[in-house]
Participant: 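Following this message is one structure expressed as C-alpha cells.
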Amino acid sequence: MRIIRSLGDVTSDDRGAIAAVGNFDGVHLGHRAVIGQAQRAAHLAGVPAAVLTFEPHPRMLFQPDAQAFRLTSAASRAEAIAALGVNILFELGFDEAFSHLSAEDFITDVLHRGLGLRHVIIGHDFFFGHRRRGTPEMLQEFGIRLGFGVSVIDAVTEEDGAVYSSSRVRQCLKEGDPRGAASLLGRPWEVEAEVVRGDQRGRTIGFPTANLQLDDILHPAHGVYAVRARDVQGGAWWNGVANFGRRPTVNDRGPLLEVNLFDVSPDLYGRKLRVQFIDFIRPEMKFSGLDELKAQIARDAEVAREKLSG
C-alpha cells in the first residue's frame with residue numbers, strides 16, 4: 001500500500017482513485033464496510049482503491065488537553081487498512097491551517113483538484129470543513145457540479161441494531177470488556193509501544209515484566225488482563241498476563257502497562273512490543289505487601305493461561 005501524506009506527492013497514477021473518507025480510528029467493522037464499498041467500486045472501475053484520512057486525529061487539535069482517546073496509532077491504523085487490500089492511503093496532515101479550510105474549499109481544493117478522486121464514499125455521519133459545516137448532502141451536490149461521484153453509507157449495525165462506532169469500542173475498553181471491543185473491531189484490540197526500563201521489581205518476585213507507556217493511546221480500565229504479545233517486527237505471539245494501572249502496592253508513578261510473558265524471556269528493552277488485550281481478569285487492587293502481591297500474580301497467571309488456551 002502506498003502512503004501519501006501531502007497533496008504535493010500525488011502523482012498522475014494516484015489520481016482517479018475511488019476513496020473511502022473518514023478518521024477510521026480503530027478500523028472497526030463499520031469502517032471496514034465503508035472501505036469495502038470503495039474497494040468493490042474501484043475493482044469494477046479498474047482504478048485504485050484508496051482511503052483518505054487525517055493525522056493527527058482532529059480531536060487532538062481541538063481538544064489538546066483531553067484524556068487520551070485514540071484506539072490506534074497512525075502506524076497501527078495504516079497497517080490495519082493495508083491488511084484490507086487498499087492500494088493507496090492518503091494520510092493528510094491535520095493542522096491549524098487545514099482546520100480552517102471551508103467545507104467548499106475542502107471539496108474543491110483537496111478532494112477534486114488535489115487528489116483528483118473519481119468517487120468518494122463516506123459514512124452518513126461524516127461532517128467536514130471549518131466548524132464542520134460540510135454535510136453529506138453538500139458533498140453530493142458538489143460532486144454533481146464537479147464531476148465526481150459520492151456515495152453515502154448508512155450506519156452499519158449488528159444484528160440487534162446497535163451501530164458499530166469508535167465510541168462503543170472505547171466504552172467497552174473503559175469498562176474492562178476487551179472481548180466486547182474485539183467483537184466490534186473484528187479482531188483483538190492492541191497497542192504498540194517501546195519497552196522502557198522500570199524499577200525491575202517484578203524480577204525480584206519472580207515475575208519479570210516488559211513495561212510500556214501508552215501515552216496518547218486510550219487507557220483501558222485499570223486491572224489485569226490475559227494478553228498476547230510479540231515484537232512489532234514480527235515473529236511468534238507469546239501468551240502472557242498484564243497489569244495496566246498505577247501499581248498502588250509498590251509505587252504509584254502514573255499508568256503503566258506491565259506485561260509478564262509466559263515461558264519466554266526475550267530481551268525487549270528499546271524494542272517495540274505489540275500487545276493484544278484478550279480478556280479481563282480482575283480490577284487493580286492494593287495488597288498488604290509483596291508476598292500477597294506475588295501470590296495474586298501467580299493466580300492471575302493461571303487464569304490467563306486458561307483463558308488463552310480456549
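Since the model is a prediction, treat every value here as computed from it, not as a measurement.
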Participant: Can you label the angle between the Phe62 ring and the Phe94 ring as parallel, tilted or perpendicular, going by 30° and 60°?
Facilitator: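 Plane angle over 60°, so perpendicular.
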
Participant: Is there side-chain contact between Arg70 and Arg59, with heavy atoms separated by less than 4.5 Å?
Facilitator: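 In short, these two side chains do not touch, never coming nearer than 4.5 Å.
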
Participant: Hey, are Arg2 and Asp9 close enough for a salt bridge, meaning a charged N less than 4.0 Å from a carboxylate O?
Facilitator: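 So Arg2 does not pair with Asp9 through a salt bridge.
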
Participant: Is any side-chain heavy atom of Leu218 closer than 4.5 Å to a side-chain heavy atom of Lys174?
Facilitator: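 Yes, at least one pair of side-chain atoms sits under 4.5 Å.
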
Participant: For a 4.5 angstrom cut-off between non-hydrogen side-chain atoms, does Leu173 reach Leu71?
Facilitator: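 Yes, side chains in contact.
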
Participant: Quick one: do Met138 and Ile107 satisfy side chain to side chain contact (heavy atoms under 4.5 Å, CB included)? Show the steps, please.
Facilitator: CA-CA 9 Å; Met138 174 191 287; Ile107 297 171; 4.1 Å; yes

Participant: Under a 4.0 Å N-O cut-off, is there an ion pair linking Glu190 with Lys272?
Facilitator: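 No, no charged N to carboxylate O under 4.0 Å.
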
Participant: First locate atom CG of Leu184, then atom NE2 of His28, and finally report the distance between them rounded to the nearest 0.5 Å.
Facilitator: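 One finds 8.0 Å between CG of Leu184 and NE2 of His28.
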
Participant: Could you check, using the six-membered ring where one of them is a Trp, whether His57 and Phe69 have ring centers closer than 6.0 angstrom?
Facilitator: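 Judged by ring-centre distance (under 6.0 Å), His57 and Phe69 do meet the cut-off.
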
Participant: Report yes if the side chains of Phe106 and Thr108 come closer than 4.5 Å at any heavy-atom pair, otherwise no.
Facilitator: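 In short, these two side chains do not touch, never coming nearer than 4.5 Å.
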
Participant: Going from CG on Asp14 to CG on Leu117, what distance comes out if it is rounded to the nearest 0.5 angstrom?
Facilitator: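 With rounding to 0.5 Å, CG (Asp14) is 10.5 Å from CG (Leu117).
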
Participant: Applying the 4.5 Å side-chain criterion to the ILVMFWY set and letting contacts propagate, would Leu308 and Val241 be lumped into a single cluster?
Facilitator: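 Linked within one cluster.
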
Participant: Mind listing the closest non-hydrogen atom pair of Pro255 and Arg246 along with its distance?
Facilitator: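 Closest heavy-atom pair between Pro255 and Arg246: CD-NH1, 3.5 Å.
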
Participant: Should Phe244 and Ile278 be counted in the same cluster of Ile, Leu, Val, Met, Phe, Trp and Tyr side chains packed under 4.5 Å apart?
Facilitator: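 They do not share one cluster, since no chain of ILVMFWY contacts under 4.5 Å joins Phe244 to Ile278.
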
Participant: Does the pair Asp25/Arg77 count as a salt bridge with the N-to-O cut at 4.0 Å?
Facilitator: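 Looking at Asp25 and Arg77, the cut-off is not met.
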
Participant: Between Gln140 and Val150, what is the shortest heavy-atom contact and its length?
Facilitator: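 Nearest pair, atom of Gln140 first, then Val150: CG-CG1, 3.6 Å.
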
Participant: In Å, rounded to the nearest 0.5 Å, how long is the span from CG of Asn239 to CG of Asn260?
Facilitator: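 Going from CG on Asn239 over to CG on Asn260, the span is 11.5 Å.
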
Participant: What pair of heavy atoms forms the shortest contact from Val227 to Val259, and how long is it?
Facilitator: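 Taking Val227 first and Val259 second, the nearest heavy atoms are CG2-CG1, 4.0 Å.
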
Participant: How close do Cys172 and Gly180 get, counting heavy atoms only, and between which atoms?
Facilitator: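 Heavy atoms of Cys172 and Gly180 come nearest at SG-C, 3.8 Å.
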
Participant: Can you tell if the side chain of Glu79 reaches within under 4.5 Å of the side chain of Ser76, non-hydrogen atoms only?
Facilitator: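 With C-beta onward as the side chain, the pair stays apart.
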
Participant: Quick one: does Phe148's side chain get under 4.5 Å of Arg118's, heavy atoms only?
Facilitator: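 The answer is no, as the side chains (C-beta and beyond) never meet within the 4.5 Å cut-off.
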
Participant: Would you give the length of the straight line joining atom CG of Leu84 to atom CD of Gln39, rounded to the nearest 0.5 angstrom?
Facilitator: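 Going from CG on Leu84 over to CD on Gln39, the span is 6.0 Å.
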
Participant: Might you point out which heavy atoms bring Asp231 and Trp238 nearest each other, and give the distance in Å?
Facilitator: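 It is N-CZ3, 4.0 Å.
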
